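Report on the structure given below.
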Amino acid sequence: MFEPYRWIEDIANRREYIEERIRGGSPVVGISYEDGLLLLTTTRGGRKIFEVYDRIALSAIGHPADIEKLREIIIDAAHLEGFMRSPEDVTLRRLSAFVLAPAMKQAFDEIFRSPYIARIMLAEIDRDGKATFCRIDYDGSFQIREGFEVIGDTEESERAMREEAEGKGIGNASLPLKDAMQEALKIWAKGKALGCREEGQKDIADILSEELKAGRIEASILCKSLPTTSKFQELKEEEISRILEGIRDKL
Amino acid sequence: MSRGDFLELLLSSGYSFACSSPPQVDVNHMASITHGTTIMAMKYKEGVIVVGDRRAVSGTAIIHDRADKVMEIDERSVLAISGSPAMAVEIARTLEHSIKYYRRSQLQDMSLEGKLRMLSRLLKENLPLALQGIGPVAPIFATYDLPSDSGKIYFYDLLGARFESAEFATSGSGSIWIRGALYYLNRWEKPLSQRDLEEGLAIALRLMDAAAEYDAATGGYSRGSHILPTVKIITRDGVNAIDDGLLMRIYEEHVETRDV
């Protein structure tokens with residue numbers, strides 16, 4: 001027997017359940033730089049930043065199996081559309097508003113099936129390298145922004161990350177890559193710090209070293225000047241280490 | 001998606017690769033269908049040179065004189081198409097998308113064998129049209145294989161059977177006129193795979209000229225309209241289209257001029 005008040009209660013329980021499951025995940029920072037955009041996070045195991053299409057990438061925070069399922073949905077949709085119509089018609093706006101958000105909302109609302117325990121960030125560069133981001137939450141709500149975006153494990157961590165970015169002109173497209181990486185790491189650390197349950201003010205270098213004991217930094221770019229049609233490139237560990245060495249004292 | 005198979009995804013979404021029921025066509029009235037070509041691939045010192053003429057004919061009418069028959073498939077592979085351009089372009093597009101889809105969904109590159117097999121499957125899908133005589137495609141697939149650090153040439157028949165060629169391959173209505181010449185050059189003069197780029201391009205342009213001389217469906221160099229064959233090279237560093245400037249120079253120095 002379907003009871004409307006019961007449904008509302010169930011939805012509220014769902015939110016609490018999902019938020020609890022997402023807590024503790026490593027934040028993802030998306031930031032534009034002079035040649036495109038950078039996505040940065042940390043991982044303890046598998047990949048978290050994926051290529052979706054020629055100019056579109058995806059990252060997420062949440063349950064790996066759910067992220068995998070959503071990744072499948074969006075890659076399938078992008079490639080079918082790109083083939084049937086054309087690669088230019090595959091855009092972040094269409095993929096987020098018409099493919100991912102409805103799928104995630106439907107899974108969230110239907111209380112007899114499991115929701116997607118995930119918070120997604122899609123990122124795209126246009127022909128001029130201008131960066132657009134879309135965050136899509138587990139309940140299907142989505143928001144499109146230009147230049148800069150974050151997803152965090154809690155509302156507080158996201159607020160802290162946005163505050164860190166404010167007033168610095170983050171999202172300004174003329175940063176060289178290593179500067180963008182530096183800013184992204186600072187913002188990431190702010191978000192991660194709130195996830196640390198321990199007391200005391202920790203500085204970025206400490207937070208980073210602790211995270212790197214169990215995992216590694218994962219960073220990828222969408223770079224407009226790559227010669228291939230696909231503009232996605234995963235930054236190699238040596239490259240990340242090299243950039244990290246150069247900026248460690250500035251963190 | 002767990003198998004990363006793009007063709008499967010296409011077909012399950014309701015897309016019909018060839019016509020769902022092949023039309024009953026009287027091949028004597030094939031005039032309205034576009035065909036006719038010379039395409040060629042030959043090894044050279046650094047990799048592979050792939051050439052295609054620019055003409056598309058239908059019966060005795062020249063439909064188009066700037067067709068591009070050498071299509072880039074991925075970073076180090078091209079597909080040269082002969083036969084029906086409609087199906088050939090569809091096959092090239094599907095192959096290109098399949099390779100990208102596989103890499104993105106499976107998080108690893110498709111092997112060379114996988115790509116070759118994929119092309120066979122697509123030609124097999126095209127079988128009904130090919131047998132009807134209205135959509136035959138006999139392509140040449142050329143690639144630079146990094147593991148063996150060498151260029152590779154494969155040619156296919158209409159039914160999707162694949163043959164690897166050691167040194168060269170040619171296909172299309174004009175190919176019969178130049179196949180013997182390629183064999184002669186490679187066998188009794190300096191082997192193709194030892195020639196440098198300029199020598200290779202000179203041979204390629206001379207042979208395209210010869211094909212155009214004997215095959216009405218093959219377009220030759222048209223000085224007035226400045227139409228040159230499409231020439232692409234594949235090396236360790238990737239695919240590069242040879243620009244018209246260099247082709248013009250080779251043409252003037254080696255095609256319009258004799259060696260002796």
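In what follows, every heavy atom counts, from backbone to side chain, and hydrogens, waters and symmetry copies are set aside. We name chains A, B, ... by the order of the sequence lines, and we start the count at 1 in each one. These numbers come from a predicted model, not from an experiment.
- Atom CZ of B/Arg249 has more than 12 neighbouring heavy atoms from other residues, nucleotides or ligands inside a 6.0 Å radius.
- Taking both residues in full, the closest heavy atoms of B/Ser13 and A/Leu80 are given as OG-CD2, 3.6 Å, listed atom of the first, atom of the second, then distance.
- Between A/Phe83 and B/Phe6, the ring centre distance stays below 6.0 Å.
- In the displayed structure, A/Arg127 atom CZ is contacted under 6.0 Å by at most 12 heavy atoms of other residues, nucleotides or ligands.
- Heavy-atom contacts from other residues, nucleotides or ligands closer than 6.0 Å to NZ of A/Lys69 number 12 or fewer.
- Between chain A and the options B/Val239, B/Asp74, B/Thr94, the largest number of non-hydrogen pairs under 4.5 Å is found for B/Thr94.
- Within a 6.0 Å sphere centred on CD of A/Glu237, other residues, nucleotides and ligands contribute 12 heavy atoms or fewer.
- Contact annotation for A/Tyr53: both backbone and side-chain heavy atoms come within less than 4.5 Å of a heavy atom of chain B.
- Once rounded to the nearest 0.5 Å, the distance linking CZ of A/Arg71 with CG of B/Leu107 reads 4.5 Å.
- For NZ of A/Lys105, the number of neighbouring non-hydrogen atoms (other residues, nucleotides, ligands) closer than 6.0 Å is 12 at most.
- Looking at every heavy atom in both residues, A/Ser230 comes nearest to B/Arg103 through OG-NH2, 3.6 Å.
- Below 30°, between 30° and 60°, or above 60°: for B/His97 and A/His79 the angle between ring planes is above 60°, a perpendicular geometry.
- Note that OG1 of A/Thr229 is 8.0 Å distant from CD of B/Glu72, once rounded to the nearest 0.5 Å.
- Rounded to the nearest 0.5 Å, atoms CZ (B/Arg104) and CD1 (A/Ile74) are 12.0 Å apart.
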